[in-house]
Amino acid sequence: MGAEEEKNKMCPPWLKPLLREKFFVQCKLHADSHKSECNMYCLDCTNGPLCSLCLSFHKDHHAIQIRRSSYHDVIRVSEIQKFLDITGVQTYVINSAKVVFLNERPQPRPGKGVVNTCEVCYRSLVDSFRFCSLGCKISGISKSFDKKRKDWRNNLSDSDDSYSSSTSIGRLKKNEDMIHNSFTPSTPPLSAVNRRIAKRRKGIPHRAPFGD
């Protein structure tokens with residue numbers, strides 16, 4: 001197998017466009033139909049999400065169905081493994097079917113006792129897996145990501161001994177986050193108004209006035 005064929009096997013031309021798409025929106029061509037939700041994708045055309053009615057224009061093409069779990073896009077392993085090597089990506093069982101997530105899911109911090117995390121976004125994983133999603137795998141196996149990670153680790157090892165190990169690890173984490181090419185926007189932070197409401201203290205209680 002040549003270098004180009006190997007590259008296409010690991011990251012076919014349709015994968016990155018797929019990961020950037022926004023599914024479960026209303027189809028503009030079939031807005032009046034009750035089947036207008038766009039949850040299909042044509043791997044041959046890569047021209048955006050499709051509804052079930054749009055598939056009539058993609059006969060004999062390779063199409064996959066995107067599903068949802070906790071507001072995140074997933075695809076069944078039985079569908080995607082026909083076209084993509086998903087080795088190293090953690091699978092989950094949802095509605096009795098194995099699925100993988102398309103993109104990373106924000107996680108504030110790993111749980112206690114977690115020893116294995118995603119190599120890109122640090123989400124908690126089962127021991128036998130390296131990545132939490134297809135998007136993280138594409139970022140993690142890229143040569144540019146691996147080279148920059150090694151360069152930063154070398155820089156950290158040569159840094160002044162006055163820096164504590166915790167500082168070095170924190171800086172490495174920050175740098176790796178900077179080079180991670182996420183395919184979906186991160187969860188937005190709380191707005192200033194919401195933060196004030198969340199942290200609002202109770203006022204000083206006042207007694208009712210005495211009766212006459």
Side-chain angles (χ1 to χ4, degrees), residues 10-26 37-41 43 46 48-50 63-142 144-146 148-149 152 169-192 194-195 198:
M10 298 299 294
C11 184
W14 50 262
L15 183 54
K16 288 185 178 181
L18 166 68
L19 299 178
R20 294 190 186 103
E21 294 294 353
K22 184 178 181 180
F23 292 93
F24 300 96
V25 295
Q26 189 178 53
E37 187 176 61
C38 293
N39 64 342
M40 308 294 295
Y41 191 79
L43 305 183
T46 62
L50 307 171
I64 56 176
Q65 182 177 354
I66 306 301
R67 304 168 193 273
R68 298 220 95 181
S69 174
S70 302
Y71 304 102
H72 294 280
D73 296 336
V74 301
I75 185 170
R76 285 184 174 175
V77 170
S78 59
E79 286 190 66
I80 193 64
Q81 67 182 3
K82 299 175 184 177
F83 313 104
L84 183 67
D85 179 7
I86 60 171
T87 303
V89 180
Q90 179 159 325
T91 59
Y92 300 83
V93 177
I94 298 176
N95 294 330
S96 302
K98 277 189 175 183
V99 302
V100 291
F101 283 86
L102 266 62
N103 292 291
E104 70 170 272
R105 293 165 294 148
Q107 184 180 33
R109 60 182 65 85
K112 293 182 179 179
V114 173
V115 296
N116 186 44
T117 59
C118 175
E119 294 182 8
V120 176
C121 73
Y122 303 96
R123 186 175 185 84
S124 304
L125 298 179
V126 176
D127 290 349
S128 58
F129 297 102
R130 297 174 57 196
F131 307 102
C132 71
S133 62
L134 299 180
C136 281
K137 179 174 181 178
I138 297 307
S139 294
I141 64 177
S142 66
S144 59
F145 182 90
D146 189 55
K148 290 179 180 179
R149 180 161 48 188
W152 272 315
I169 293 173
R171 187 167 57 183
L172 171 62
K173 172 68 167 60
K174 181 179 179 181
N175 286 331
E176 287 185 346
D177 288 345
M178 291 173 62
I179 64 174
H180 170 41
N181 180 22
S182 177
F183 294 96
T184 54
S186 302
T187 302
L190 287 173
S191 65
N194 289 338
R195 192 180 297 109

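All values below were derived from every heavy atom in this structure, side-chain atoms included, with hydrogens, water molecules and symmetry-related copies excluded.
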[X] and [Y]: which non-hydrogen atoms are nearest, and at how many Å?
{"X": "M40", "Y": "F23", "answer": "O-CE2, 3.7 Å"}
{"X": "C132", "Y": "C118", "answer": "N-SG, 3.6 Å"}
{"X": "F129", "Y": "N116", "answer": "O-ND2, 2.9 Å"}
{"X": "L125", "Y": "T117", "answer": "CD1-C, 3.7 Å"}

Just by distance, do the side chain of N103 and the backbone of D73 share a donor-acceptor pair under 3.5 Å?
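Side chain of N103 to backbone of D73, a donor-acceptor pair under 3.5 Å: no, none is there.
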Heavy-atom donor-acceptor pair, K137 side chain to D85 backbone, under 3.5 Å
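Yes, K137 side chain to D85 backbone: donor-acceptor pair under 3.5 Å.
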Go through it in stages, so that I can follow the logic: the residues are F101 and C136, the test is side-chain contact (heavy atoms from CB on, under 4.5 Å), and I'd like the CA-CA distance, side-chain angles, deciding distance and then a yes or no.
CA-CA 10 Å; F101 283 86; C136 281; over 6 Å; no
Nearest 0.5 Å, please: how far is [atom2] in [Y] from [atom1] in [X]?
{"X": "I64", "Y": "L84", "atom1": "CD1", "atom2": "CG", "value": "9.0 Å"}
{"X": "I80", "Y": "T91", "atom1": "CD1", "atom2": "OG1", "value": "13.5 Å"}
{"X": "I75", "Y": "Q81", "atom1": "CD1", "atom2": "CD", "value": "10.5 Å"}
{"X": "F131", "Y": "E104", "atom1": "CZ", "atom2": "CD", "value": "12.5 Å"}
{"X": "S124", "Y": "Q107", "atom1": "OG", "atom2": "CD", "value": "4.0 Å"}
{"X": "I138", "Y": "S133", "atom1": "CD1", "atom2": "OG", "value": "9.5 Å"}

Please examine the side chains of L15 and F83, heavy atoms only from C-beta on, and report whether any two atoms are closer than 4.5 Å.
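No; the side chains remain at least 4.5 Å from each other.
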Mind running side-chain contact (heavy atoms from CB on, under 4.5 Å) on Y92 and V126 for me, showing each step along the way?
CA-CA 10 Å; Y92 300 83; V126 176; over 6 Å; no
With sequence neighbours left out, what residues match R76 under salt bridge (Lys or Arg N to Asp or Glu O under 4.0 Å)?
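R76 satisfies salt bridge (Lys or Arg N to Asp or Glu O under 4.0 Å) with no residue once adjacent residues are dropped.
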Side-chain ion pair, R67 and E79, N-O less than 4.0 Å
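Yes, R67 and E79 are salt-bridged.
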